[in-house]
**Q** 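After the C-alpha cells below, expect a handful of questions from me.
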Protein chains: 2
Amino acid sequence: MTAPTGRRERKKAATRQKIADAALRLFLERGYEEVGIREVAAEADVAVTTLFAHFPSKEALVFARDRDFERGLVDAVAERAPHEPLVPALRREVLAMVRHCAVEGAAPVRRLVEGSTALRRHEESMLLRHADALAAAVADDLGLPRATTACRALARFVVDAHVLARGADDPEAAVGEIFPMIEAAWSAARHPGTTDQSATQPS
Amino acid sequence: MTAPTGRRERKKAATRQKIADAALRLFLERGYEEVGIREVAAEADVAVTTLFAHFPSKEALVFARDRDFERGLVDAVAERAPHEPLVPALRREVLAMVRHCAVEGAAPVRRLVEGSTALRRHEESMLLRHADALAAAVADDLGLPRATTACRALARFVVDAHVLARGADDPEAAVGEIFPMIEAAWSAARHPGTTDQSATQPS
DNA sequence: TTTGAAAAGCTAACCGTTAGCGCTACGGTC
DNA sequence: GACCGTAGCGCTAACGGTTAGCTTTTCAAA
C-alpha cells in the first residue's frame, strides 16, 4: 500500500496528511462552516496555495479517502471469486461500506457531512462518479466495449442502495430490502420480455 | 396559471423574468463561467442584491423552471387515471420529460448545463430533491404514513432513468430499456421472496 | 556540483454571496 | 384622501473560497 519511494514523495504525502488531519480536527471541533480555509492552512502550518495544490476544494478535505470507496466497488466486480454472480458480490461490498460508516470513529464525520449542504452535495457528486466507474467495471466484466444503458442503470441503482441504506433507520435491513429489487432489475435487463408490461408509446 | 394579482406582485414577477431572461441571454452568448453575477445584474438593470432576492444562487438562474419537473413527477403519481398501475404512469411522464428536453428550444440550454460542472452538480441535487418528493407521493398513493425504503428506491430509480435516458444516444430507447428493470424491481419489492437469491450475511 | 523540476510560499486579486442600512412605491386602514 | 406598515429594491462594504503570477526552497539525477 505504502510505496517506499524517495524522500520527496514521502514529504508530499506527509504534507497532505498534515493538512487533512488539521482540517478534520478543526471541522469536528467547531463545525465545517465555522472554519475558514485560511485557518486550516495556518493550523497545518502551510500556505493556502499549498492546501489547494493537494485538495481541489474545501469539501474535498473531508473526503480525503474517497478513492478507496470507488476502488472498493470496482474491485468487488473485477476481483470477485470466479463465477460468483455479479449482484451478490456488489451486495456484499455495499453491506461492508454501510457497516464501515456505522461503526468505527466514522460517526462524527457522518454527522459533519449531514450537517452541511455543501458537503452533502459534494458527496452526492462523488458517488455519481463512483457509479460511472462501476458501470465501466461491469461493462468490462461482461466483455462489452463500453458501458450500456443497463450497466449504467445497475451502477446507479447500487449507489442508490448505498445512500438509502445509510439514511435508513436500520441500514442493514435496508440493504436486504433494496438488493432483491436490484437483483430483479438486473435479471430483467438480461432476460428481456419476461415481465415487461409496458410498451413504448409512439404518440 | 397567471394569478391576476396586484401591481406589486406583477412588478415582482416582471423583475424576476427580466433577470432570468438577461441571464440566459448572456450565458448562451458567452458561456456560463464567462459571465459574472454583476454583469447579469447590470444587463437586467437591477442591483446584485435584488438578483439574489429572486434567485438563491447563480446556478438557479438557469433552472428557473425546475418546479415544473417536480410537479410533473408528483402529479404523474397522484393524478393518474384510477387503477392505472404506478410504474407505467411514471414511465409515461419520464418519456415526456425526455422528449421535452430533446425537442423545442431546449437544446442550447442542455448544452449549457452539460458544459459546466457547477450546473451539472446543481441539476443533480435538484433531481435528488425531486426524488424525495416523488417518494413521498408514492408513499401517499399507497396509503403509507411515510416513505419506506422501497418507495425511496423506486423514486431514485425513476430519477436515474431520467438522467440516463438524457445522456444516452437514443433517449427513448433507453427509457424502454430501463423501465422494464424498474418494473421488475418494484414487482420484487411488492412480492418479496420470489427471485431473491442472496441473503443477509451476519458476519 | 551543477541543474532541472517538483513542492511550497507570498501577494493580490476575482467572484459568488451576504449583512447592514436607507429609500420608495404599493396596499390595506382610518 | 391621508396614513402607515411593509415588500421590493438599491448601495456599499465586506467575507470566504479559489486562482494567477511569480519567487524560493528542496530534492534527485547527471
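Side-chain atoms are counted along with the backbone in the values below, which use heavy atoms only and exclude waters and symmetry mates. Nothing here was measured: the structure is a model prediction, and the numbers come from that model. Throughout, a chain's letter reflects where its sequence line sits, starting with A, and its residues are numbered from 1.
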**Q** Parallel, tilted or perpendicular for Phe157(A) and Phe157(B), by the 30°/60° rule?
**A**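 Taking Phe157(B) first and then Phe157(A), their aromatic rings lie parallel (interplane angle under 30°).
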**Q** Rounded off to whole Å, could you give me the CG-to-P distance for the Leu119(A) and dG17(D) pair?
**A**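 Whole-Å distance recorded here is 12 Å.
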**Q** Given atom NZ of Lys18(B) and atom C1' of dG8(D), what is their separation to the nearest angstrom?
**A**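 For the pair Lys18(B) NZ and dG8(D) C1', the rounded distance is 12 Å.
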**Q** OP1, OP2 of dC9(D) versus side-chain N and O of His54(B): anything below 4.0 Å?
**A**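 Answer is yes, contact under 4.0 Å.
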**Q** Think Thr50(B) has a side-chain N or O under 4.0 angstrom from the OP1 or OP2 of dG8(D)?
**A**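 Indeed not, no polar side-chain atom of Thr50(B) lies that close.
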**Q** Considering heavy-atom distances to DNA chain D, does Arg8(B) or Asp45(B) have its closest nucleotide positioned more toward the 5' end?
**A**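 In this pair, the answer is Arg8(B).
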**Q** Atom CZ of Phe55(A) and atom P of dA8(C): how far apart are they, to the nearest Å?
**A**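 Interatomic distance, CZ of Phe55(A) to P of dA8(C): 11 Å.
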**Q** At a cut-off of 3.5 Å, list every protein nitrogen or oxygen paired with a nitrogen or oxygen from nucleotides 15-17 of chain C, distance to 0.1 Å.
**A**
residue: dG16(C); atom: OP1; partner: Lys58(B); partner atom: NZ; Å: 2.8
residue: dG16(C); atom: OP2; partner: Ile37(B); partner atom: N; Å: 2.9
residue: dG16(C); atom: N7; partner: Arg38(B); partner atom: NH1; Å: 3.1
residue: dG16(C); atom: O6; partner: Arg38(B); partner atom: NH2; Å: 3.3
residue: dT17(C); atom: OP2; partner: Lys58(B); partner atom: N; Å: 2.7
residue: dT17(C); atom: O4; partner: Arg38(B); partner atom: NH2; Å: 3.2

**Q** Could you walk me through whether Leu24(A) and Leu28(A) pass side chain to side chain contact (heavy atoms under 4.5 Å, CB included), step by step?
**A** CA-CA 6 Å; Leu24(A) 206 53; Leu28(A) 288 175; 4.2 Å; yes
**Q** Can you check the Arg7(B) CZ to dG28(C) P distance for me, whole Å?
**A**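 Arg7(B) atom CZ is separated from dG28(C) atom P by 12 Å.
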**Q** Using atom CD of Glu34(A) as one end and atom P of dG17(D) as the other, report the distance to the nearest whole Å.
**A**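 Going from Glu34(A) (CD) to dG17(D) (P), I get 11 Å.
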**Q** Could you tell me the separation between the CZ atom of Arg10(B) and the C1' atom of dA7(D), rounded to a whole number of Å?
**A**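 Result: 16 Å.
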**Q** Is it the case that Ser125(B) and Glu124(A) place a side-chain donor and acceptor less than 3.5 Å from each other?
**A**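 Glu124(A) and Ser125(B) do not have a side-chain donor-acceptor pair below 3.5 Å.
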**Q** Take Arg121(B) and Leu128(A) through the test side chain to side chain contact (heavy atoms under 4.5 Å, CB included) and record every step on the way to the result.
**A** CA-CA 10 Å; Arg121(B) 299 227 298 177; Leu128(A) 289 182; over 6 Å; no
**Q** Taking OP1 and OP2 of dA7(D), is either one under 4.0 Å from a side-chain nitrogen or oxygen of Lys12(B)?
**A**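 No, because none of the side-chain N or O atoms of Lys12(B) sits under 4.0 Å from OP1 or OP2 of dA7(D).
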**Q** With nearest nucleotides of DNA chain C determined for Thr49(B) and Lys11(B) from heavy-atom distances, which residue corresponds to the more 5′ nucleotide?
**A**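 Its nearest nucleotide being more 5', the pick is Thr49(B).
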**Q** Rounded to the Å, how far apart are Leu51(A) CG and dG16(D) P?
**A**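 Rounding to the nearest Å, CG of Leu51(A) and P of dG16(D) are 16 Å apart.
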**Q** Looking at Asp66(B) and Arg129(B), is there a salt bridge between them, counting it only when a charged N and a carboxylate O are closer than 4.0 Å?
**A**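 Yes, this pair counts.
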**Q** Any ion pair linking Glu123(B) and Arg166(B) (charged N to carboxylate O, less than 4.0 Å)?
**A**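 So Arg166(B) pairs with Glu123(B) through a salt bridge.
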**Q** Just checking Phe63(A) against His122(A), ring centres under 6.0 Å apart?
**A**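 Yes, the ring centres sit under 6.0 Å apart.
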**Q** Send over the distance from Gln17(A) CD to dA7(C) P, rounded to a whole Å.
**A**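 To the nearest whole Å, that distance equals 17 Å.
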